[in-house]
Asker: 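Handing you this structure, nothing more for now.
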Number of protein chains: 2
Amino acid sequence: MGVKILQKPEEATASSLKPRDRLLHTARDLFHQHGIKGIGVEAITEAAGTNKMTLYRHFGSKDDLIVECLQKAINETMSKWDELEREYPDNPKAQLIAWIGAGAQCIASDKRGCEIANAAVELTEPDHPGRRVIEEGKKEHRRRLVGLCQRADLTQPELAADTLCLLFEGARISRQSDGPEGPCARFKRMAEGVVAAYERK
Amino acid sequence: MGVKILQKPEEATASSLKPRDRLLHTARDLFHQHGIKGIGVEAITEAAGTNKMTLYRHFGSKDDLIVECLQKAINETMSKWDELEREYPDNPKAQLIAWIGAGAQCIASDKRGCEIANAAVELTEPDHPGRRVIEEGKKEHRRRLVGLCQRADLTQPELAADTLCLLFEGARISRQSDGPEGPCARFKRMAEGVVAAYERK
DNA sequence: CTCTGTTGTGACCGATCGGTAACAGTATGC
DNA sequence: GCATACTGTTACCGATCGGTCACAACAGAG
């Protein structure tokens, strides 16, 4: 009894990160798991090992927090694109196949689908600040996929990219209603088939 | 001034239908437009031209109302399938092309996507009564699509059906974040391409 | 006309929502 | 040691949430 506990338990969420980053990380996770409207700010602060005041000092409102979470998610996706280019430099076809593989893995491991698309479902007000972020993020994602299809020398690169895009989006949303054994299970096969179909012979 | 107004305005929602049906119809619409968690029961009853007590006398809870709305949506979809068969009897290929056309029209006209898939995004609790309805509805939908692809004598009918399914789901969810000019705009072309690719030559 | 089942009304419940005020504790840099 | 900036605590705000109560109005059937 002589030793006073000065250090708090420090669970995973309340790690070495500063409160702001813990809040962002935790909020993103809880928004994704329970839906944006399905989780309250208090629950987020508790899970992040902090409190409401700290949240509202860093983020002016729940909506602002939502926007930052969305932006962070998009930035992460863009980083993955960069990583892909670094991993297979000057080999766009390998990049494309790797993108499909990563997509399939993402579908298999995450039952809640795409956090950006899910946010678009929940944020119905047309002037919600999050909508701009969502739209620009998805547009950028499409741009990069089209670019990759072009570099991979696919015939009709835009159509190929849009097809891959719809298959991917479809797989992630379908997983939430049809389960992991539904149509989404064959995403990889379909996507690789699309690439093959648009390859220059 | 001599004429008393005995008949209420009777707007579209408060039509000749009975309160229960008005509630169901209105709730479905508002759930779709604002999201399930984005609309309250009071707003639903007002839009339906009735009151909370009447709602709770017909539906025990908001969750029960949600379930009935989902079931109604699924029944409607199944009716459309029946209609399709009646319209092109013994011509499965024409049914398939008509299904694609109807899908494209649905994508173009409804910016909020699939109410069932959207519900799956919002109802995150795994034991929510609505989830069973969603899963069974989507499974039945897939079953019918596979059946149609088989009757249309496509090679690999299951793979073709799953591909069409993902393209359709993807188009409807993508429209909500990428807009009507995004990848979803080419759904018809892609889907018809899939049918052509799996046709027996 | 009366009886019965269906609606409508308005007040009300406890819980939770997003958000704030005031104040106390703590870490850091000089 | 001291000032400053950040963080934590508690209590609180008004609004809204899903849901219920008792009671009045109303319809149609017998």
Side-chain angles (χ1 to χ4, degrees), chain A residues 4-11 13-27 30-31 34-69 119 122-125 127-130, chain B residues 4-11 13-27 30-31 34-69 119 122-125 127-130:
Chain A
K4 260 194 188 169
I5 296 165
L6 296 176
Q7 198 79 9
K8 284 186 182 169
E10 299 267 321
E11 64 260 345
T13 51
S15 60
S16 58
L17 291 150
K18 303 207 109 190
R20 189 179 202 281
D21 293 316
R22 270 183 286 149
L23 279 166
L24 247 163
H25 180 271
T26 308
L30 293 182
F31 284 152
H34 304 281
I36 292 176
K37 307 226 170 145
I39 195 87
V41 289
E42 188 113 54
I44 293 171
T45 63
E46 275 175 27
T50 177
N51 52 74
K52 256 203 282 191
M53 272 314 301
T54 301
L55 188 152
Y56 280 99
R57 276 190 280 245
H58 285 291
F59 312 91
S61 66
K62 187 184 183 184
D63 280 344
D64 290 0
L65 177 61
I66 293 168
V67 169
E68 288 227 35
C69 286
E122 290 204 81
L123 305 180
T124 61
E125 309 100 338
D127 56 346
H128 190 289
Chain B
K4 261 194 187 169
I5 296 165
L6 295 175
Q7 198 80 8
K8 283 186 185 168
E10 300 266 323
E11 65 261 341
T13 51
S15 59
S16 58
L17 291 149
K18 302 208 110 191
R20 188 178 203 282
D21 294 316
R22 271 183 286 151
L23 280 166
L24 230 110
H25 180 270
T26 308
L30 293 182
F31 284 152
H34 305 280
I36 291 175
K37 308 227 168 142
I39 196 85
V41 289
E42 187 114 55
I44 293 170
T45 62
E46 276 176 25
T50 177
N51 52 74
K52 257 202 284 191
M53 269 316 299
T54 301
L55 188 152
Y56 281 99
R57 276 191 279 243
H58 285 291
F59 313 91
S61 66
K62 187 185 182 183
D63 280 343
D64 290 359
L65 177 60
I66 293 168
V67 169
E68 289 227 33
C69 285
E122 290 205 82
L123 304 180
T124 62
E125 308 100 339
D127 56 346
H128 190 289

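Nothing here was measured: the structure is a model prediction, and the numbers come from that model.
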Asker: Could you state the atom-to-atom distance from CG of B:Leu55 to C1' of C:dT6 in whole Å?
Answerer: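 Rounded to the whole Å, the gap is 15 Å.
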Asker: Can you sort out the partners of A:Arg57 under side-chain contact (heavy atoms from CB on, under 4.5 Å), two or more places apart, ordered by chain and number?
Answerer: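 Listed in chain order: A:Met53, A:Thr54.
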Asker: Would the distance check show the side chain of A:Glu122 and the main-chain N or O of A:Lys37 forming a donor-acceptor pair, the cut-off being under 3.5 Å?
Answerer: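 Pair found, side chain donor or acceptor close to backbone of A:Lys37.
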Asker: Please confirm whether the backbone N or O of A:Ile36 pairs with a side-chain atom of A:Lys62, one donor and one acceptor, at under 3.5 Å?
Answerer: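 Yes, because the side chain of A:Lys62 sits within donor-acceptor range (under 3.5 Å) of the backbone of A:Ile36.
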Asker: Would you indicate, yes or no, if D:dC6 has its OP1 or OP2 atom less than 4.0 angstrom from a side-chain nitrogen or oxygen of A:His58?
Answerer: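 No, outside the criterion.
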Asker: For a quick check, with a 4.0 angstrom heavy-atom cut-off, what is the B/S/- contact string for nucleotides 20-27 of chain C, read 5' to 3'?
Answerer: BBB-----
Asker: Base, sugar-phosphate or nothing for A:Ile39? Non-hydrogen atoms, less than 4.0 Å.
Answerer: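 A:Ile39: backbone/sugar contact only, no base atoms under 4.0 Å.
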Asker: Does the pair A:Thr26 and A:Thr50 meet the rule for a side-chain contact (heavy atoms from CB on, under 4.5 Å), with working shown?
Answerer: CA-CA 11 Å; A:Thr26 308; A:Thr50 177; over 6 Å; no
Asker: Given B:His58 and B:Glu68, is the side-chain contact (heavy atoms from CB on, under 4.5 Å) satisfied, shown in steps?
Answerer: CA-CA 11 Å; B:His58 285 291; B:Glu68 289 227 33; over 6 Å; no
Asker: Starting at NZ of B:Lys37 and ending at C1' of C:dT16, how long is that distance when rounded to a whole Å?
Answerer: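 B:Lys37 atom NZ is separated from C:dT16 atom C1' by 13 Å.
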Asker: I'd like to check the side-chain contact (heavy atoms from CB on, under 4.5 Å) partners of A:His34; sequence neighbours left out, ordered by chain and number.
Answerer: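 Residues passing side-chain contact (heavy atoms from CB on, under 4.5 Å) with A:His34: A:Leu30, A:Ile39, B:Thr124.
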Asker: I need the CG-C1' distance between B:Asn51 and D:dG18, as an integer number of Å.
Answerer: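 About 15 Å, once rounded to whole Å.
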Asker: Specify the separation, in whole Å, of atom CD of B:Glu46 and atom P of C:dG10.
Answerer: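 So the CD-P distance, B:Glu46 to C:dG10, works out to 12 Å.
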Asker: OP1, OP2 of D:dT7 versus side-chain N and O of A:Thr54: anything below 4.0 Å?
Answerer: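 So the side chain of A:Thr54 is outside the cut-off, no N or O lying under 4.0 Å from OP1 or OP2 of D:dT7.
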Asker: DNA chain C: B:Arg20 or A:Gly40, which has the more 5' nearest nucleotide?
Answerer: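 Result of the comparison: B:Arg20.
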Asker: Round to a whole Å and report the spacing from CZ of B:Arg22 to P of C:dT7.
Answerer: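 Taking CZ of B:Arg22 and P of C:dT7, I get 9 Å after rounding.
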Asker: Rounded to the nearest Å, what distance is computed from the CD atom of residue A:Glu42 to the P atom of nucleotide D:dG8?
Answerer: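 After rounding, the reported distance stands at 14 Å.
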Asker: A:Ile44 and A:Phe31: side-chain contact (heavy atoms from CB on, under 4.5 Å), yes or no, with the steps?
Answerer: CA-CA 9 Å; A:Ile44 293 171; A:Phe31 284 152; 3.7 Å; yes
Asker: Tell me: CG of A:Asp64 to C1' of C:dG18, nearest whole Å?
Answerer: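 The distance from CG of A:Asp64 to C1' of C:dG18 comes to 12 Å, rounded to the nearest Å.
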Asker: Taking only the side-chain nitrogens and oxygens of B:Thr50, find out if one of them lies under 4.0 Å from OP1 or OP2 of C:dG8.
Answerer: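 So the side chain of B:Thr50 is within the cut-off, an N or O lying under 4.0 Å from OP1 or OP2 of C:dG8.
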Asker: Can you measure A:Lys18 atom NZ to D:dC6 atom P for me and round it to whole angstrom units?
Answerer: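 In whole Å, D:dC6 P and A:Lys18 NZ are 8 Å from each other.
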